[in-house]
Amino acid sequence: MENNLIPWIIALPFASAIAIGLSGRFSTHDKLDEEGIRKHRGMIHTLAVGSVGLSFLIAVKLFIELHNPDLPARVLTSHVFDWFDITIPSASGFRDVPIAASFVLDSLSGLMTLVVTGIGTLIHLYATGYMEDEESYARFFCYLNLFTASMLILVLGSNFPLMFVGWEGVGLCSYLLIGFWYETPEYAAAGRKAFVANRIGDLGVLVGMFALVSVAGSFEFSEINRAASMMNGEFTMGGVALGTTATVACLFLFLGCTGKSAQVPLFVWLPDAMAGPTPVSALIHAATMVTAGVYLCCRLSPIFLESPTAMTVIGVVGSITALMAASIAVVQREMKRILAYSTVSQLGFMFAGVGVGAFSAGFFHVFTHAFFKACLFLGAGSVMHAVHAHGDADIFKLGGMKKYTPITRATFLLSTAAIAGFPLTAGFFSKDELLLGATTIAMNETALPSWLGWLVAISLFLAATMTAFYMFRLYYLTFTGDYRSADHGHDAHGEEGHDEDAHHDDDHHDHAYDAHPHESSWQMWVPLAVLAFGAIAVGFLGLPHAFHLPNWWGHWMDASISHLPGFGPDDEVTNMTPVYIAMTLGVAAWAIGMGLATVLYREKNEDTFTPKFPKPVFNFLFDKWRVDEAYEATIIGGNRGLAKFAGRIDKSFVDTVFTGIPAFVVKMASWLFTRIQVGAVHAYGAVLLVGVLGLGWWFMYPHPTLDVQTSTDSAEITAAPGLGYTYRFDMDDDGNFDFPQAPQALEIDFEDDASRMQIQRVVARVRAAIAPVRWPNDRSALGHLKDRNRRIYELHPPTSEIADLQRILQNVDGVEAIHWHAAGHERVFGDAGNAAFDYNEEDFVGYMLTVAQADGSEQEMRVLPELTIIPDSFFPRVQFEGSPPRVGFDENGRIKIFPTATVNDAGEPATRPDSVLVGGVRQDEPFLLGLGSFATVAQYRMEVFPIVRARVEVRNAFGNTASEEIEIVLKESAPERVALGGEVRR
Amino acid sequence: MNDWLFVAPLLILGLGSILMMLVDAFAKEKSELAILSSITMGVAGMISASALLSGAEAADAPEMVTRFLAVDPAALFFDVVICFGGALSALLAGGYLREHGLERGEFYVLLTLTTLGAVVLGRSTDMLSLFVGLETMSLGVYAMVAFRRGSSTAIEGAVKYFLLGSFAAAILLFGSALMYAATGSTSFTGIAAAMGDADPKLVLIGLLLIIAGFGFKVSAVPFHMWTPDAYEGAITPATAFMSVAVKSAAFAVFVRILFVTFGDELSMSLASGWPPVLAGLAALTMVYGNIAAVGQENVKRMLAYSSIAHAGYILVGIVAAFRVGSEAVSAVLFYLLAYTFSNILAFGSLILLGSRGREAVSFNDLRGVGRRHPMAALPFILGTLSLMGFPPTAGFLAKYYVFSAAVQAGGSMILLAILGMLTSAIGAFYYLRVTVFMFMRDPEPGQVKAIPMKSGYVVGALAISSLFVLGLGVMPGDVLEAASRAASLLLG
Amino acid sequence: MTTAGFVLFAISSVIAFFSAIATVGARVPLRAALFLMVHIISLAGLYLTLSAHMLAAVQLLVYAGAVVVLFVFVIMLIGPASETKPTMKNMGIRLVSLIGMILFTVTLAFALVSHAADWVAIETSFGTVEAVGHELYLNTLVPFEVVSATLTVAIVGAVAIARKATEFEVGEAKAARQATIDALEEARQEAA
Amino acid sequence: MEIGLGAYLGLAMVLFGIGASGFLMRRNALIQLMSIEVMLNAVNIVFVAVNRFHPADHVGQIFSFFVIAIAAAEAAVGLALVIALFRIKKTVESDNADTLRH
C-alpha cells in the first residue's frame with residue numbers, strides 16, 4: 001500500500017542536517033557572544049533532537065498502521081520518483097531496468113526504523129549533554145543527523161542501489177565521526193582505517209548485487225527475493241564457473257557484511273572506531289550501523305537459504321568472531337574498548353545465528369543488543385564525562401563509581417545483566433533463541449550440516465560465558481571498590497601493578513582523572529534509564545515458542561524473513577531435546593561467567609586474574625590476536641612496497657608517457673588550431689567560405705555507394721538514394737551502360753537476366769592445393785606468429801611454390817610478370833614473393849596473382865591454400881621433368897590448360913601422367929576450364945569463379961556524375977547458370 | 001482563452017519591454033530594471049513551462065498565428081529554455097552592470113526584446129518568421145556585445161560578429177529564397193509538401209545555404225570563427241545570454257527545419273542528404289572546440305570554445321535523430337536545458353568572482369580565489385562539473401542521453417559517440433583547470449587579487465541554476481517526459 | 001514576356017550587374033553609396049518586369065530614400081577617414097576568398113539559370129498596393145508585429161552603441177578606471 | 001531568347017556573389033555593409049521573381065518587404081557600430097579590429 005509519510009522519516013533528519021550544517025557555516029563562534037552561542041546551540045539541539053524525534057513518531061504511527069488487518073502482507077511502500085534507468089544484459093539482449101527512489105516499510109524495516117529513530121532520539125538527547133563543551137557542536141550534530149538519514153535510507157530503501165546509497169552514506173558519516181577530533185592524528189587514522197576496511201567490503205556488496213540482478217533482472221529486493229529459486233544456476237565470470245548464483249552473490253554480500261558489521265577478518269576497524277565521541281560509538285558502532293550486515297542478510301534471507309555453502313561460511317565466521325572478540329575483551333582495560341570487542345563478539349553471535357538459518361533470532365539479537373549495548377556505551381560515556389576522561393577511560397583508574405554516579409551505575413548494572421544473559425532479561429531470550437537455532441540444526445536433519453550446529457552452539461556457549469565474565473569484570477572494576485583516581489598526588493600508572501608489559505598504547509592513562517566525579521545532567525541519564533528499561537523488557541517480545549509461550553517476534557518477522565522448512569513460529573516443536581540443551585547452555589554460560597567475575601572482582605581494586613595468564617597468552621589476547629600486526633606485515637606492508645614501486649613508476653613513466661605527452665600534444669594541437677583565429681574579419685569570412693564550399697561540394701557531387709546482396713540465383717544491387725539522382729548500370733564492365741534508365745535498385749536473376757548481363761569477361765581464380773599449413777600451430781618456414789593476441793602472422797610465401805607456379809603460369813603466352821599480393825590486404829610483394837606480409841587468419845582469402853600480359857591488360861588469379869590435406873612434409877613438390885603443364889588463356893580470355901605432350905630424353909612422357917586431372921581423370925589434351933569446374937594441375941587445384949564487375953553511374957540534378965564499381969563474386973552454385981560466352985562445361 | 005496561453009509569452013515579453021522603456025525614460029530614481037526584466041522573462045518562461053507540464057494543447061489556435069509560430073510542446077520547451085536563459089542573464093546583468101558602472105536601462109530593454117526575437121525564432125514555422133525572429137535576436141545581441149562602447153575589445157567583437165552575422169544571415173536568407181523558388185512556399189510544412197515535385201537543384205542549394213547559415217548561428221566549425229572573439233569582447237552577462245538563449249533558439253529552429261522541412265527520406269539519405277554533413281560538422285566541432293579550449297588563458301574565451309564543443313555534442317544528437325527519432329531529439333532538448341543552467345553557473349560565477357577594478361577574466365585572476373572565498377567558488381565548480389558531464393549533474397545526464405542515442409543509431413554514429421566521449425575527456429582538462437587555479441595556485445606577487453562582488457541578483461541566479469543543475473541531474477523524470485513528448489510531436 | 005518587358009529586363013539587369021560591381025569595387029564610399037542607389041533603382045526596374053509595382057515603389061522609397069541616405073549621412077559624419085587606402089594587408093586571404101566566391105557563384109549561377117518555369121497568367125490586381133496590403137495586414141500580421149520589435153531593437157541598439165558617453169557614464173568609467181588603478185597599487189604594495 | 005525564372009535566379013545569384021565577394025574582399029566596413037545590402041537585394045530579386053511564377057498569393061513580395069525593412073534596421077545597427085569603431089580606432093577598416101585573436 002502506498003504511504004506518503006515514509007519519505008518524511010528520512011527527509012526530516014536530512015533537512016535538519018543541512019540546516020545545522022549551513023547554520024554552522026554562517027555563524028561561526030568568533031562572531032557570536034556568549035548569549036549568541038547559547039542560542040545557536042539551543043537551535044541546533046532543538047532541530048537535531050526534534051527532527052529525529054519526529055521521525056520516530058512517524059515511524060511509530062506507520063508501525064501501528066502495519067498492524068492494520070487490511071494489510072495482510074504488512075508492507076507499506078512509497079514511490080518518490082523515478083531515479084534512473086540502467087541497461088543490463090539479459091537473456092534477450094540488453095534491456096533497461098528502471099531504478100526508482102522508493103521506500104518500503106515492512107515488518108523488518110519497520111522495526112529497524114523504530115530502533116534507528118527511537119534509540120537515535122535518545123542518543124541525540126544524550127549527546128546534547130555529553131557534547132556541551134564541544135566547540136564544533138554544529139558539525140557534530142550535522143554529521144549525526146546525516147548519519148541517521150543515511151541509515152534510514154539503508155533500512156527503508158526498497159532496492160539495492162538505494163540501499164547502497166545509505167550503505168555508503170553511513171560509512172561516510174562513520175568515517176567523519178570517528179575522525180571527529182581530527183586534530184589528533186591517531187583519531188584521524190582510526191577514521192581512515194574504518195573507511196578502508198569498509199571499502200573492501202563495499203566492493204563485495206556491488207559484486208553481489210550485480211550477480212543477483214543479472215538473474216533477477218530487477219534491483220528491487222522484493223523481485224530479487226521472488227526470484228530466489230532461479231538463483232541455483234551456475235554463475236560464470238569471465239568463463240569460469242564460480243558456483244551457483246546464490247552462493248556467489250551471498251558470499252560477496254557477506255564480504256560486504258564482514259566489513260560493515262566487523263566480522264573476521266575485517267573487524268579490526270571497530271575497536272579503533274572508539275576514538276569517536278561516545279554517543280557516536282553508541283549509535284553507530286553498537287546499535288545501528290554495524291547491524292546493517294545482519295539486516296542485509298535478513299532482507300535477502302530467501303537467497304541465503306538457497307546456498308548452504310554460504311550459510312556454512314557465515315556460521316563459521318560468526319562463531320570464530322564471537323569467540324575471538326570475547327577472548328580479547330577479557331583482558332582489555334579500557335571501558336569503550338571492552339565494549340567494542342563485546343560488540344564485535346555479539347555481532348558474531350548474530351551472524352552465527354544467521355548462519356544456522358535463525359534469521360529471526362539473529363535479528364532479535366540485533367534488536368535487544370541495540371538496547372543494552374547503547375545503554376552500556378552511554379553509561380561508559382556518562383562515567384567518562386563524570387571523570388572528564390577524553391576518548392576512553394581506564395577501568396583500573398576508576399572504581400567505586402556507584403557513590404558518584406548512582407543512576408548510571410543502576411542502568412549499567414541492568415544492561416550488564418542483560419548482555420550477560422541473566423534469566424528473563426532481553427539478552428537471555430535472544431541468546432537463547434540463537435543457541436536454540438544452533439542446537440536444532442545440530443540435532444535435526446536439514447540442508448545445513450549438523451556439525452555446523454554443534455560448532456555454533458559450543459562456540460556461542462564459550463563466548464557467552466566469556467561475555468558474562470568480562471562484562472561483570474568491567475562492572476565490578478568500574479563501579480565497586482574504591483575510586484582509584486581520588487588522589488592526584490601519586491602516579492596512577494605505577495600503582496596498578498599488573499602492567500609490567502606496558503608496551504601498549506598508554507596515551508590516556510599516564511595521568512589520573514578528575515578527583516571529584518559527578519552525576520551527569522538529565523539529558524544524559526534519561527536516555528540511560530529508558531534504554532535500561534528496554535534492556536530488561538524487550539526480551540518478552542520473543543518468548544520461546546517451544547513452550548507454547550506467545551512469541552510475538554517470530555510471528556511478526558515471519559512476514560519479511562524466510563526460514564528453513566519446519567522452523568516457523570507456528571511449527572510444533574516435536575523434539576524438545578535441543579530446546580533443553582540450548583536453555584541449559586544459556587543459563588550455564590551466564591552462571592559460570594558471572595560467578596567467576598563476582599568471585600574475582602567484586603569490590604576489588606586490582607585485577608588478580610588476567611595478569612596470571614601466561615605472558616604470551618595475555619599479550620596475544622591483549623593485542624587482539626595480533627591481527628593488525630599480521631595485516632601490517634602482509635597486506636599493508638606488501639601494499640606499501642607496491643605503492644612505493646608504483647609511485648616511482650608513476651612519476652617516471654606514467655606521468656610522462658600517459659599524462660605528460662598527451663597533455664603536451666593536446667596543448668600543441670590547441671596552439672596550432674587556434675592559429676587560424678587570426679583576428680581579422682576577412683580570415684573569418686574566408687574560413688566560413690571554405691565551409692560553404694565544402695558543403696557545396698558535398699551537395700553538388702553525387703556520392704554513390706553500391707551495396708550488393710547475392711543469393712544463389714539472384715543478386716540485388718542497390719545504389720544509395722539521393723535527391724535528383726538518376727542511375728545507369730553497367731553490368732559487364734565494357735563501358736556501355738546496360739541499364740541506362742535504371743531505378744536505384746537492380747535485381748538480377750541469373751537465369752533470366754543472363755543474356756542481358758552479357759558476362760563476357762570473367763576473372764579467373766586458381767585454387768591451388770598448396771600450403772598445407774596447419775594454422776596457427778605450425779611455425780613453419782612459411783612464417784611466424786607476429787602478434788599472438790591478434791593472430792597476425794608474418795607469412796613468407798613459399799618460394800618453392802612460387803617457383804612451381806611460375807613455371808606453370810609463365811608458360812602462358814605473353815605473361816610478363818607475376819605479382820603477388822595478399823588478397824585480404826591488397827599488398828603487392830613483388831615477383832619473387834619473398835616479402836613478408838601480415839596474415840590474419842580470419843580474413844585471409846588467399847594469395848592473389850595478378851598476371852600482367854604483354855598487351856598491358858591484367859588478369860587476376862586467386863590462389864587459395866588448400867587447408868584440408870596435410871602431408872607429412874611441407875610442399876611435396878612434383879618434380880617436373882621437361883616442361884610442366886601449362887595454364888594459359890585462350891583468345892577469349894578463358895582459362896585453358898595444356899597438359900604437355902613433350903617427352904624426355906628417355907622417350908617417356910615428361911610430365912607425370914596424373915599431373916593434370918579433371919574429376920580424377922587424367923587429361924592429355926589441351927582443354928578449357930569451364931565455370932565452376934576445377935582441374936588439378938600438379939598439386940594445384942584450379943577452379944574458376946565468375947566475378948561480375950558492376951558499375952553504377954549516378955547523375956544528379958546538377959548534371960554531375962560519379963560512378964562506383966563493385967565486384968560481385970557469384971556464389972558457387974551460381975556459375976553453372978551463368979553463361980560464359982555461351983559455354984558451360986562441367 | 002486557452003489558445004492565448006500559447007502566445008502569452010510573446011505578448012508578455014513585448015509588453016514588458018515597452019514597460020521597461022517607459023520606466024527607464026520616466027522614472028527619476030534608479031529603477032530596478034534587472035528584476036523587472038528578469039520577472040518578465042521568468043513569467044513568460046513559467047507560463048510556457050506550466051502549459052508544457054500540464055500537457056495542454058492548443059486546440060485550435062488561429063491559423064494566422066500557427067502559420068508563423070508553432071504552438072506545440074517543442075515550441076513551449078524551447079520557450080522555457082530561452083526565457084529562463086534570458087531571465088538568469090538579466091539577473092547576472094543586474095549585478096554586473098551596477099558593479100562595473102555600466103548601469104543603463106537600454107541593456108534590459110535589449111535583453112528582453114532579444115529574448116522575444118529568440119522565442120519567435122525558436123517557434124517559427126515559416127521562413128518569414130524565422131528571418132524576422134533571427135534578425136530581432138541578432139540585432140539585439142550585436143548591440144549587447146557592443147554595450148560597453150568605450151571598450152575597444154567590445155566594439156571589436158561586435159563589429160566582427162555583426163559583419164559575419166549579417167553575411168551569414170544573408171546566406172541563410174538566400175537559402176530560404178531558393179527553397180521558395182523550388183516549392184513556391186515559405187512555410188516549413190508547405191515546403192516539405194511541395195518538395196517531391198521541386199527542382200532538386202534548388203532544394204539542394206537551398207539546403208546547403210541554410211545549413212551554412214545555421215552552422216554560423218550555432219557556431220559549428222568551420223562557421224564558428226566569430227564565437228571566441230564575440231564572447232571575449234562582450235560584457236559577461238551578454239556572453240552568458242549568447243551562449244545559452246541565442247544558441248538554444250538557433251538549435252530550436254534548426255531542429256525544426258531539419259525534421260519538418262527536410263525530414264523526408266531523400267533529404268536524409270546518406271548519399272546526398274544532411275545527416276552526413278552534420279555528422280562531419282559535429283566531429284569537426286567537437287574536436288576543434290575541445291582542443292582549442294585547452295590552450296586558452298582567458299576563461300571567457302575558454303568557455304567560448306567550450307560552447308563550440310557543446311554545439312558539437314548537440315549536433316551529434318541531431319544527427320542521431322535521423323535514425324533514432326524522437327528519443328534523440330528529446331536528448332537534444334534536455335541537453336539544451338541542462339547546458340543553459342550549467343553555462344549560466346559558469347559565467348555567473350565568473351561575474352561573481354570579480355568586482356570593480358578586480359574583474360576575474362583570465363585563469364590567473366582565479367588564482368587562490370577558491371581558498372579565499374570558497375562559497376563564491378562553489379558554483380563555478382558545480383558549473384564546470386556539469387559542463388564536463390560529471391554525475392550527478394544535469395550535464396552528465398544530458399551527455400549520456402545524447403551519446404546513448406548516437407550509439408543506438410548504430411553504424412558510423414557509434415564512432416561519432418566515441419569521438420564525443422574522447423573529446424569530452426579533453427574537456428575535463430580545461431574545466432578542471434578552473435578548480436586547479438582556484439584552489440591550488442597562489443596569486444603571483446603584485447597581482448591584483450579578485451574579490452567577489454556582493455550582489456543578491458547574481459547569487460540568486462547562481463542559486464537557481466545550481467538547484468536546476470542538481471535537480472535535473474537527480475530527478476530528470478518530469479523534464480525528460482516533457483522533452484520526449486515534445487520531441488515525438490515535433491517529429492510527427 | 002512582352003518585348004517591352006524583355007527590354008526592361010535586359011537594361012535593368014545590365015545596369016544592376018555593373019552598378020553592383022561598382023558599388024563593391026568603389027574606392028570612395030560616397031561613390032559606392034551612389035552606385036548602390038543606381039543598383040537599387042535598377043532593381044526597381046526589374047521588379048516592374050515582375051509585376052511588383054508596389055514593391056518597386058517601396059524599394060525606391062525605403063532603400064534609396066532612407067538606407068542610402070543613412071549611409072551617406074554616416075560617411076559625412078566620419079569624414080575623410082571613411083576612405084581606406086589600398087593595402088596588401090590580408091591580401092592572400094582576401095584573394096583566396098575572392099576566387100572561392102567566384103567559383104561558387106559561377107557554379108551555382110549555371111545551375112540556377114537552367115531552372116525552367118512557365119510564365120503563368122496573373123490577375124490584374126497582382127502586385128498592387130491593395131493586394132499586397134491586404135495580404136500584409138491579414139495573413140502576415142504576426143511577423144509584421146514582430147518586425148516592430150526588430151525596429152525597436154535596432155533603434156535602441158543603435159542608440160546604445162553610437163551615443164556619446166553621458167556625464168554619469170564618464171564618471172562611472174573614471175571610477176572604474178580608478179578602481180583598477182587602486183587595485184594595482186594595492187597589489188604592488190602587498191608584493192613589496 | 002525567352003527570359004524565364006532561371007534568368008532571374010541566375011542574375012540574383014550573380015549579384016549575390018558580387019555582394020559576397022565585395023564583403024570578403026573589401027576592408028572598408030562601410031563598403032562591406034553596402035555589400036551586404038547588395039546581397040540582400042539579390043535575395044529580394046529571387047522572392048519577387050518567384051512570386052511572379054506562383055501568383056496565387058503575395059508571399060514573395062511580402063517577404064521582400066520584410067527584407068527591406070530588416071535591411072534598414074541592420075544598416076542602422078551596422079552604421080552605429082562603424083561609428084563606434086571609428087571613435088575608438090579612428091578608422092573604418094574592419095580588419096584593423098584584430099586584437100582579439102587565437
Side-chain angles (χ1 to χ4, degrees), chain C residues 1 6 9 13 16-17 20-21 23-24 29 32 36 39 43 46-47 50-52 55 58-59 62-63 66-67 70-71 74-75 77-78 81-82 84 89-90 94 97-98 101-102 105 108-109 112-117 120 122 126-127 131-132 135-136 140 143 147 150-151 154 157-158 161-162, chain D residues 2-11 13-22 24-28 30-31 33-35 37-38 41 44-45 48-49 51-53 55 57-58 61-62 64-66 68-77 79-84 86 90-93 95:
Chain C
M1 194 179 221
F6 176 75
F9 172 80
S13 55
F17 178 75
I21 291 182
T23 306
V24 303
L36 182 62
H39 180 69
L43 290 197
L46 272 185
Y47 293 164
L50 295 163
S51 318
L55 207 68
V58 170
Q59 173 89 354
V62 177
Y63 254 120
V67 177
L70 191 61
F71 269 104
V74 171
I75 292 166
L77 185 73
I78 291 175
S82 66
T84 51
K89 197 177 173 192
N90 294 321
R94 283 152 60 199
S97 35
L98 178 67
M101 200 61 228
I102 289 172
T105 309
L108 288 196
L112 291 179
V113 164
S114 67
H115 180 77
V120 274
I122 47 168
F126 182 78
V132 176
E135 184 105 10
L136 184 62
T140 52
V147 152
T150 317
L151 295 174
I161 298 166
Chain D
E2 177 65 14
I3 297 298
L5 183 51
Y8 284 96
L9 294 184
L11 176 67
M13 186 65 229
V14 169
L15 294 181
F16 188 84
I18 292 171
S21 308
L24 293 168
M25 264 302 270
R26 298 303 305 261
R27 297 167 57 244
N28 190 325
L30 287 164
I31 300 209
L33 276 178
M34 289 184 219
S35 304
E37 298 296 336
V38 172
N41 273 306
N44 275 354
I45 298 176
V48 178
N51 204 167
R52 177 62 186 74
F53 291 81
D57 51 19
H58 289 85
Q61 294 198 12
I62 301 277
S64 358
F65 211 81
F66 280 96
I68 291 171
I70 285 169
E74 217 172 72
V77 174
L79 288 171
L81 272 169
V82 171
I83 291 173
F86 171 72
K90 299 295 168 210
T91 171
V92 292
E93 289 170 14
D95 60 354

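Heavy atoms only: backbone and side chains are in, while hydrogens, waters and symmetry mates are out. First the proteins, then the strands, lettered A, B, ... as listed; each starts at 1.
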Taking all heavy atoms of D:I31 and all of C:P29, pick out the closest pair and write down the distance.
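So the two residues come closest at CD1-CA, 4.2 Å.
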Testing the basics here: between C:L112 and D:M13, what is the closest heavy-atom pair and its distance to 0.1 Å?
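Closest heavy-atom pair between C:L112 and D:M13: CD1-CB, 3.7 Å.
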Could you check which of [options] has the highest count of heavy-atom pairs closer than 4.5 Å to chain C?
options	value
D:I83, D:V92, D:D95	D:D95
D:E74, D:K90, D:Q61, D:E93	D:Q61
D:L30, D:D57, D:I45, D:N41	D:N41
D:V77, D:L15, D:I70	D:L15

Approximate separation, where rounding is to 0.5 Å, of D:F53 CZ and C:I122 CD1:
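Rounded to the nearest 0.5 Å, the CZ-CD1 separation comes to 10.5 Å.
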Could you walk me through whether D:F16 and C:L108 satisfy the side chain to side chain contact (heavy atoms under 4.5 Å, CB included) test, starting with their C-alpha distance in whole Å, then the side-chain angles of each, then the deciding distance to 0.1 Å, before giving a yes or no?
CA-CA 11 Å; D:F16 188 84; C:L108 288 196; over 6 Å; no
Contact leader toward chain D among C:T23, C:I78, C:L77, where contacts are heavy-atom pairs under 4.5 Å:
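Heavy-atom pair counts peak at C:I78.
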Go through the atoms of D:L24 and report whether side chain, backbone, both or neither lie under 4.5 Å from a heavy atom of chain C.
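Answer is both: backbone and side chain atoms of D:L24 are under 4.5 Å from chain C.
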Just by distance, no angles: are the side chains of C:Y63 and D:E37 close enough, under 3.5 Å, to form a donor-acceptor pair?
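There is such a pair between these side chains.
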Say whether, by atom type as modelled, one donor and one acceptor occur between the side chain of D:H58 and the main chain of C:F126 under 3.5 angstrom.
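Pair absent, no side-chain N/O of D:H58 close to backbone of C:F126.
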Part of C:L36 lying under 4.5 Å from any heavy atom of chain D
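Contact with chain D involves the side chain of C:L36 alone.
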Interchain contact, C:A66 with chain D, by part (heavy-atom threshold 4.5 Å):
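Looking at C:A66, nothing touches chain D.
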Side-chain contact, heavy-atom cut-off 4.5 Å: C:V120 with D:P55?
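They are in side-chain contact.
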Under a 4.5 Å cut-off applied to non-hydrogen side-chain atoms, are C:L136 and D:F66 in contact?
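Of all side-chain heavy-atom pairs linking D:F66 with C:L136, at least one is under 4.5 Å.
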